[in-house]
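Worksheet for the structure shown next.
Chain identifiers are assigned alphabetically (A, B, ...) following the order of the sequence lines, protein sequences preceding nucleic acid strands; residue numbering begins at 1 within each chain.
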Amino acid sequence: MDEIKSEICDILKGAISAAIEVGELPIPDVPEIPFSPTKTPEHGDIATPIALGLAKSAKMAPRTIAEIIVKHVIQNKHPRIRDLEIAGPGFINVYLSNEWLYDTLRTIVEATDAYGRSKVGVGKQIQIEFVSANPTGPLNIVSGRAAAVGDTLVNLLNAVGYEAIREFYVNDAGGQVERLGESIDVRYRQALGEENLEIPEGGYQGEYLQEFAEMIVAEEADAYLKLSQEERVALFRDKGVAHLLGQQETSLERFGVNFDVWTSEKAIRESGKPDQIVDMFREKGYLYEAEGATWFRMTDFGDDKDCVVIRSNGEYTYFVPDAAYHYDKFDRGFDKVIDLLGPDHQGHVTRLKNFVKALGLADDWLEIDIIQQVNLVDSDGTRRDMSKRQGQFLTLDSLIDELADAVGERFAVDVARYFFLMRANNTHLDFNLELAVTQANENPVFYIQYAHARCCSIFQQGEEQRIKVKPIDEVSLEMLTEPSEHELIRKLADFPAIVLSSAEEREAHRVPHYLHELAGMFHPYYNQHRVLDASNMKRTYARLILIQGVRTVLANGLRLLGISAPESM
RNA sequence: GCGCCUAUAGCUCAAUUGGAUAGAGCAACGGACUUCUAAUCCGUAGGUUGCAGGUUCGACUCCUGCUAGGCGUGCCA
């Protein structure tokens, strides 16, 4: 599709330039050619509103301009163009010869797994940091959404040539993990029978810590009571972080997400890099002392408030190691770094970008995308609160468990990933659990998977009937005469552009939508037309190539999403 | 108060980033299995794109002002 588009682009430019030369178009130079979507076959294969855009500068009616351009295109006959048409207010609709449809099928059949891939990102390294949940509890479903989106974005970026990696930043230092240690200490002592203890302010109430404490008691009994409380809290903090981080990793693996790099905040702090950052900021005059703390002049960068980087107790706030961490990413040589943050980190976006600017890095080097919240809703529309502190939240694991009960383990991850991926990142996602579970059979993911399974089934049936797929060069593709067949091929031709735009715009949700549309064209076709037809083998071979194309695109698309493409259902 | 996100069919969401008649899936109603898998298909119905202006050939999309919901907002991360 891209190749043919640039070819048409050149032809149109040539026509415009010829028109300018003979004085028919009073414009200074040849413009870029925009393309507009062709929603229906009546709009041709490729459409451009170029004449509409030129109307103002040329001071001519759009349709007149279109007529001039079309005239010049027709003067030099192009084999790829079957017909040209001026429509509506002045759109030029291009009808391509069928040969390009056949070319599309040839491209797919030759490329197979590689169809959809491109090379625009070759030589560029990108790091995506996502999830990065505090190691203070199980992953919740917001992390699940981030995991699905981040994982898929990395797949997409790699598909278009970038070298992209997945990274998890472990917040294993700072106040939150201290609260974790204190909370475990309370649960530990409670488990040993101590009474009148309460989880400290800002601590973690969840049952998982009771279980963890009971586990410690089961293994070590009261051995830790000999330690001072301070020592014990520190020990439980480290034990807790290791335990909970391990759980998170296990959950992510189950969800099909494997991080390439885990970076520890503690390690960053111990590396001395935060100190270097502070020195650098101080040298550049970004810091000042006030109210016993050290402040960063965020207002110098256009923010409305300065912020504390060193607390009055001498400890760094979260920002210093985080700035150091981002500088570390730069040191590692990434051309671009993308952070996927949760909705509660929205206040950080400007500040983090300002820190990066203060470090002397380019504005567009760091890109931050907010993955909006996930609301768990019941069918009656009521929302469930999911505060980690209160211990009431649905974990990613329990979500998959529930789905597995309904649709089986095999599809649970597929369904969850699809649900998380089908919405744009910046929209609030209402996850209707009852709907996802009780109506799982009507879930759109099955619709797509079923289309793939049906394709596979055709080939299996064909094999049983001893009908083999012929090499494409021996197949008469002109036997594909149905309009629905041409539309299917056109849709298949869109796939690489979908992959590219999803990757470049970080809009992973376009892929599931595209696949759903493709399946939505395949199923009616399947119902209406028989592929295997012994009385018309010539057409059968041609249709098998088409089906092969559909299957390949469905499989490639699902693979990008981390969703299985079953051969039977 | 200020900042960010959101508002599209009864519900959940799309709309190729300013293009042609705003599209799907659920839910509702009526049909199709002797045929490559009925987890499917066909048909009917469903809309003043939150409200009011503005920009232009053209606006769900951009600008301004409202309304409603969510989130954030100098020593948690």
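For B/A77, neither phosphate oxygen OP1 nor OP2 lies less than 4.0 angstrom from any side-chain nitrogen or oxygen of A/Tyr318. Regarding contacts with the backbone of B/A14, every side-chain N or O of A/Arg423 stays at 4.0 angstrom or more from both OP1 and OP2. Contact between the side-chain N/O atoms of A/His509 and the OP1/OP2 oxygens of B/A15 is found at a separation under 4.0 Å. In this structure, A/Tyr447 does not reach the B/C26 phosphate: none of its side-chain N or O atoms is under 4.0 Å from OP1 or OP2.
Here the side chain of A/Val308 is nearest to one of B/G74, B/C13, B/C5, namely B/G74.
Position along RNA chain B of the nearest nucleotide to A/Arg351 versus A/His516 favours A/His516 as the more 5'-ward residue. Between A/Ala290 and A/Gln465, the residue anchored closer to the 5' end of RNA chain B is A/Gln465, taking for each the nucleotide with the nearest heavy atom.
One atom, CZ of A/Arg63, and another, P of B/G58, lie 17 Å apart when rounded to the nearest Å. For the pair A/Glu182 CD and B/A77 P, the computed distance is 13 Å after rounding to whole Å.
Side chain of A/Asp339 to backbone of A/Leu341: no donor-acceptor contact under 3.5 angstrom is found.
Annotation: salt bridge (Lys or Arg N to Asp or Glu O under 4.0 Å) contacts involving residues 449-470 of chain A, sequence neighbours excluded, are absent. Judged as a side-chain hydrogen bond (donor to acceptor under 3.5 Å, both in side chains), not a single pair has a partner in residues 342-357 of chain A (not counting sequence neighbours). Each side-chain hydrogen bond (donor to acceptor under 3.5 Å, both in side chains) pair with one or both residues in residues 529-539 of chain A, not counting sequence neighbours, appears once here: A/Asp533-A/Ser535, A/Asp533-A/Arg539.
Spacing of C1' atoms, B/C33 relative to B/C41, comes out at 11 Å, to the nearest Å. Here, B/G74 and B/G69 have their P atoms 23 Å apart, quoted to the whole Å. Using P as the reference atom, B/A15 and B/U6 are 12 Å apart when rounded to the nearest Å.
Judged as a salt bridge (Lys or Arg N to Asp or Glu O under 4.0 Å), and not counting sequence neighbours, A/Glu507 has no contacts. Under the salt bridge (Lys or Arg N to Asp or Glu O under 4.0 Å) criterion, A/Asp414 pairs with no residue, sequence neighbours left out. Residues forming a side chain to side chain donor-acceptor pair (under 3.5 Å) with A/Lys266 (at least two apart in sequence, or on another chain): none. Applying the side chain to side chain donor-acceptor pair (under 3.5 Å) rule to A/Ser132 yields the partners A/Glu129; only residues at least two apart in sequence or on another chain are considered. Qualifying side chain to side chain contact (heavy atoms under 4.5 Å, CB included) partners for A/Ala404, counting only residues two or more places apart in sequence or in other chains: A/Glu409, A/Ala412.
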List, with names and distances, any nitrogen or oxygen atoms from the protein found under 3.5 Å away from nitrogen or oxygen atoms belonging to nucleotides 54-56 of chain B.
none

Output one line per pair: protein atom, nucleotide atom from nucleotides 19-21 of chain B, and distance, for all N/O pairs under 3.5 Å.
residue, atom, partner, partner atom, Å
B/A20, OP2, A/Lys39, NZ, 2.6
B/A20, N6, A/Asn93, OD1, 2.7
B/A20, N1, A/Asn93, OD1, 3.1
B/A20, N1, A/Asn93, ND2, 3.2

Between protein and nucleic acid, restricted to nucleotides 29-34 of chain B and to nitrogen or oxygen atoms under 3.5 Å apart, what atom pairs and distances do you find?
none

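Side-chain atoms of A/Gln176 come within donor-acceptor range of the base of B/C76, with a qualifying N/O pair under 3.5 Å.
Between A/Tyr450 and A/Phe446, the gap from one ring centroid to the other reaches at least 6.0 Å.
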| message | As a check on the pairing definition, encode RNA chain B in dot-bracket form, counting Watson-Crick and G-U wobble pairs whose two distances are under 3.5 Å, and using | for partners outside this strand. | response | (((((((..((((.....[...)))).(((((.......))))).....(((((..]....))))))))))))....

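Under the 90° criterion around 0 for the glycosidic angle, B/C51 counts as anti.
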